[in-house]
Each structure stands twice: as C-alpha cells, then as structure tokens.
Amino acid sequence: MWFAQGKVTADFMVDRLEELWKTFAPEDRPHTLVINADNGPENSSRRTQWMKRLTEFSDTHQIRIRLAYYPPYHSKYNPVERLWGVLENHWRGELLDSVEKTLGLARSMAYKGIHPVVRKVKKSYKAGVSLSKQAMRELEKRFDRKPDLESWFVTINPITKLGCNYSPLR
C-alpha cells in the first residue's frame, strides 16, 4: 500500500507500477499486464497523462497492457474496494490525526491473513498535467478500443525497438 502526501495523479500511479515492476525477476515478468480500474478521474482511459505514461511503460518494458474498467456503481466487484473495507473496519473509527498513526494502523491490519507492505511516498506530484489534443490524437492511434465499449476495454501494444507493433504469443 502506498500513501501519498498529495494528490494521487497518473504520474504517481505509473511511478508505483515502475517501482513494483523492478521487484519481479525478468523471467517472472508477464507479457501482458491487465489493469482492472474503477474509471476514476485520475485513471480514465480518456486521461491523457495516464495513457501517455502507460504507453511509455508498455514500450519500455515491451509489455502489452490491457485496461479493463469496472462499470459505475459496481465497486463490490473490485477487490481493492474490499481491501479498503477491511482497512476501515480495522481502523474502527479511530481519528487519523497523524501520518505515523495512519501508516501504523495500515501496517497492523491483515487481509486474508497477510499484513501489507506500507510505504509513504514523499514525492509531490503536479496535478493537471496533460497532453495537447494533437498529441493525444497521435497517441490514440496506438490504442485498440473494443467497439461499443471504447471507454471500458483498451489494449496498448508496445512498439518494439524495430518500430513495429509487438504481438507476443507466449
């Protein structure tokens, strides 16, 4: 669990993905990454900085990324929402009046018998970073959006070092 000092932005989220990626041994890294998301304001498939950073991640790590968004008002299917529910129950209405207390309570909770690794991210991220409409139109050419579900299912295929679309069949 990462806790931010400021606003959670697209840059914050992709930086955490980069941080997590480094923990995998190269042979354990998948060829396709599926991100189930809630279509919130900071991770919508129409957010330019989010999609730019994910595309860069895809190219850098040569991985296909599939974004699958939960429909509105269906948080009961989202495992992260269940985790937050466990955390709220663990806090039992405690007043979270300091960073140390908040982090300590998060560390002491357990979900399915497992205690989370909790980190505080000290870096502040600038909100409102976005691409120009022209830059987004160019980037949009890289995305495979499912017909009639364009905002709900998006695939980003990496560009290989040879300059063509990547299509792993492993």
Side-chain angles (χ1 to χ4, degrees), residues 1-4 7-72 74-87 106-107 109-123 125 129-131 135-136 138-170:
M1 296 175 95
W2 288 282
F3 285 79
K7 186 168 175 53
V8 173
T9 66
D11 291 316
F12 172 89
M13 291 185 291
V14 178
D15 284 356
R16 302 295 64 78
L17 185 57
E18 286 282 0
E19 187 178 319
L20 184 62
W21 197 255
K22 291 174 187 173
T23 67
F24 294 118
E27 64 273 10
D28 294 334
R29 292 177 180 160
H31 58 79
T32 300
L33 175 65
V34 177
I35 299 175
N36 294 316
D38 63 3
N39 221 357
E42 60 281 326
N43 66 9
S44 163
S45 71
R46 300 295 181 185
R47 292 301 295 244
T48 61
Q49 185 67 6
W50 170 242
M51 297 305 285
K52 174 185 176 263
R53 288 292 311 275
L54 285 178
T55 302
E56 291 169 350
F57 183 89
S58 173
D59 291 345
T60 298
H61 300 289
Q62 293 296 285
I63 184 168
R64 173 182 290 136
I65 298 176
R66 290 208 165 123
L67 301 173
Y69 290 93
Y70 292 103
H74 283 77
S75 60
K76 63 186 172 194
Y77 299 118
N78 187 341
V80 172
E81 295 295 338
R82 288 195 293 278
L83 175 70
W84 285 121
V86 169
L87 184 57
R107 284 186 186 102
M109 70 158 282
Y111 181 65
K112 296 186 177 185
I114 300 171
H115 292 279
V117 174
V118 176
R119 292 191 178 99
K120 175 184 164 194
V121 177
K122 295 179 181 175
K123 180 178 178 179
Y125 288 86
V129 176
S130 64
L131 280 81
M136 188 58 184
E138 288 301 312
L139 195 60
E140 191 69 41
K141 294 175 185 176
R142 298 274 312 273
F143 308 147
D144 176 22
R145 294 183 181 270
K146 296 286 181 206
D148 299 324
L149 297 169
E150 292 86 0
S151 294
W152 303 99
F153 295 100
V154 182
T155 300
I156 303 169
N157 290 305
I159 298 294
T160 66
K161 293 174 180 43
L162 300 173
C164 56
N165 279 349
Y166 180 71
S167 181
L169 298 173
R170 296 189 270 167

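All values below were derived from every heavy atom in this structure, side-chain atoms included, with hydrogens, water molecules and symmetry-related copies excluded.
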Are any of the side-chain heavy atoms of L33 and F57 separated by less than 4.5 Å? yes

Side-chain donor/acceptor of R66 to backbone N/O of F153, under 3.5 Å: no

Can I65 and T155 be said to form a side chain to side chain contact (heavy atoms under 4.5 Å, CB included), step by step? CA-CA 6 Å; I65 298 176; T155 300; over 6 Å; no

With sequence neighbours excluded, residues passing side-chain contact (heavy atoms from CB on, under 4.5 Å) with N36: V34, A68, Y70

Within this structure, what is the CE-NZ distance for the pair M1 and K120, rounded to the nearest 0.5 Å? 16.0 Å

Given the rule in the side chain to side chain contact (heavy atoms under 4.5 Å, CB included) test, do T9 and E42 qualify, once you have shown the distances and angles that lead to the verdict? CA-CA 6 Å; T9 66; E42 60 281 326; 6.0 Å; no

Is the closest side-chain heavy-atom distance between V86 and K112 below 4.5 Å? no

Which distance, rounded to the nearest 0.5 Å, do you find between the CD1 of I35 and the OG of S45? 12.0 Å

Just verifying a value: how many Å separate L54 CG and L67 CG, rounded to the nearest 0.5 Å? 6.0 Å

Validation row: Y125, V8 side chains within 4.5 angstrom (heavy atoms): no

Run the side chain to side chain contact (heavy atoms under 4.5 Å, CB included) check on F3 and V121 step by step: do they pass? CA-CA 6 Å; F3 285 79; V121 177; over 6 Å; no

Would you indicate whether the side-chain heavy atoms of S58 and R64 approach each other to under 4.5 Å? no

Which label fits W21 and H61: parallel for a plane angle under 30°, tilted from 30 to 60°, or perpendicular past 60°? tilted

Considering only heavy atoms from C-beta outward, does the side chain of I63 approach that of P30 to under 4.5 Å? yes

Report yes if some heavy atom in the side chain of H115 is under 4.5 Å from a heavy atom in the side chain of M109; otherwise report no. no

With rounding to the nearest 0.5 angstrom, report the OG1 to CD1 distance, T32 to I156. 12.0 Å

Rounded to the nearest 0.5 Å, how far does CE of M13 lie from CD of Q49? 10.5 Å

Flag side-chain contact, heavy atom, 4.5 Å: R142 against D59: yes

Let's go through D144 and V154 carefully: what are the C-alpha distance in whole Å and the side-chain angles of both, what is the deciding distance for side chain to side chain contact (heavy atoms under 4.5 Å, CB included) to 0.1 Å, and is it a yes or a no? CA-CA 6 Å; D144 176 22; V154 182; over 6 Å; no

Could you tell me which non-hydrogen atom of Y69 sits nearest to which non-hydrogen atom of S44, and how far apart they are? OH-C, 3.5 Å

Check each of K52, K123, R16, R53 against D11 using the side-chain hydrogen bond (donor to acceptor under 3.5 Å, both in side chains) test, and report the only one that passes. R53

Identify, with sequence neighbours excluded, every residue that meets side-chain contact (heavy atoms from CB on, under 4.5 Å) alongside E140. R46, M136, F143, R145

Are any of the side-chain heavy atoms of W2 and E19 separated by less than 4.5 Å? yes

